[in-house]
2 protein chains.
Amino acid sequence: MSRSTRNPARVFAALGDETRLALVIRLSAGEPLSISRLTEGSRLTRQSVTKHLRVLENAGMVRCAHSGRESLFELNPRPIAQVREYLDRVSKQWDKALSRLKSFVENEV
Amino acid sequence: MSRSTRNPARVFAALGDETRLALVIRLSAGEPLSISRLTEGSRLTRQSVTKHLRVLENAGMVRCAHSGRESLFELNPRPIAQVREYLDRVSKQWDKALSRLKSFVENEV
DNA sequence: TCATTATGCAACCTCCAAGTTGCATAATAC
DNA sequence: GTATTATGCAACTTGGAGGTTGCATAATGA
């Protein structure tokens, strides 16, 4: 179960770690990668990388498919799209507040 | 010093906590608010809220101005805009990879 | 002046995230 | 069949995040 659809904080928390952010970037190239492949080039242990992948999976940002003895991880773009929209709304609210303030000042003067 | 301009992971980490996310939402209304005001309506202690505000400040997402005995916190929209652009780039890379895959499959068939 | 309000600072507790090591096992290669 | 590779599971350590309480102090109100 992807426990976190519609849970922006969890997605942000998942992205809030350098290692996991790097994994997401790597997977955004499209090619599904195994744990071993994802561990290559990292200074961390395979088990550590695995734990990070589980975190990403629980945040719904990554899916795991098993093929033979390999676990292939692939990016799920939906949560990223959702938090993009979330941040868009925050920015819009801020802009609105700003323009309200501006017109208020103009009317005062 | 806003230690984290150009540090997306830190900004994501700052947003990755329900309390801090709520603070950001509240401050996105534009009005600078004091610590006491920001503590009202929360079930947390003033000191806890203060700590969260410091985290947001270190991430550059919030600025503190002192007025009399009050500490007024205001949202800084820049980091949010930056991580928006960051996520836009990730999404674009994903879309590119996807269309490459698509055309590859079409040419194969 | 005296009480109240808003905050800062520091010590402390608890829990979990992040990382490690070790071992077991399934799948593949030779 | 045997060695190698890819992974899972479990136990353990450690640092820091998140939260609290207590006290000190500056600014404001009466």
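Every chain is numbered from 1, with letters handed out A, B, ... down the list of sequences.
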* **Atom pair NE2 (H52(A)) and OG1 (T19(A)), whose distance is rounded to the nearest 0.5 Å** => 4.5 Å
Show me, pair by pair, the donor-acceptor contacts under 3.5 angstrom made by side chains of residues 68-80 of chain B, not counting sequence neighbours?
from   : atom 1 : to     : atom 2 : distance (Å)
S71(B) : OG     : H66(B) : ND1    : 3.3
N76(B) : OD1    : R63(B) : NH2    : 3.1
N76(B) : OD1    : R78(B) : N      : 3.3
N76(B) : ND2    : G60(B) : O      : 3.0

* **Atom pair CZ/CD of R46(A) and E40(A) - distance to nearest 0.5 Å** => 13.0 Å
* Are L87(B) and L15(A) close enough that some pair of their side-chain heavy atoms sits under 4.5 Å apart? -> yes
* So what is the end-to-end bend of the helix from dT1(C)-dA30(D) to dC30(C)-dG1(D), with 5 pairs used at each end and the value given to 10 degrees? -> 30°
* Asked: Can L21(B) be reached from V55(B) by stepping across I, L, V, M, F, W or Y side chains whose heavy atoms are under 4.5 Å apart?
  -> no
* To do: Go through DNA chain C in 5' to 3' direction and return only the first and the last nucleotide with some atom under 4.0 Å of chain A's heavy atoms.
  => dA18(C) to dT28(C)
* To do: Report the residue (G68(A) or D17(A)) whose heavy-atom-nearest nucleotide on DNA chain C is the more 5′ of the two.
  => D17(A)
* Can you name the residues that form a salt bridge (Lys or Arg N to Asp or Glu O under 4.0 Å) with D88(A), not counting sequence neighbours? -> R84(B)
* To do: Using a 4.5 Å cut-off on heavy atoms from C-beta on, say whether the side chain of E31(B) contacts that of L33(B).
  => yes
* **Check: L44(B) main-chain N/O paired with S42(B) side-chain donor or acceptor under 3.5 Å** => yes
* Donor-acceptor contact present, side-chain R10(A) to main-chain A59(A), <3.5 Å -> no
* Check: Y86(A) and I25(B) side chains under 4.5 Å, non-hydrogen atoms -> yes
* Hey, which sits more toward the 5' end of DNA chain C by its nearest nucleotide, R69(A) or R54(B)? => R54(B)
* Can you list, by residue number, the residues of residues 18-48 of chain B that have a non-hydrogen atom closer than 4.0 angstrom to DNA chain D? -> R20(B), L44(B), T45(B), Q47(B), S48(B)
* Check: T45(A) main-chain N/O paired with S48(A) side-chain donor or acceptor under 3.5 Å -> no
* **Closest non-hydrogen atom pair between R26(A) and L38(A), with its separation** => NH1-O, 3.4 Å
Got a list of protein N/O to nucleotides 13-16 of chain D N/O distances below 3.5 Å?
none

* **Test applied, side-chain contact (heavy atoms from CB on, under 4.5 Å); reference residue, S28(A); option that passes from K92(B), K96(B), Q93(B)** => Q93(B)
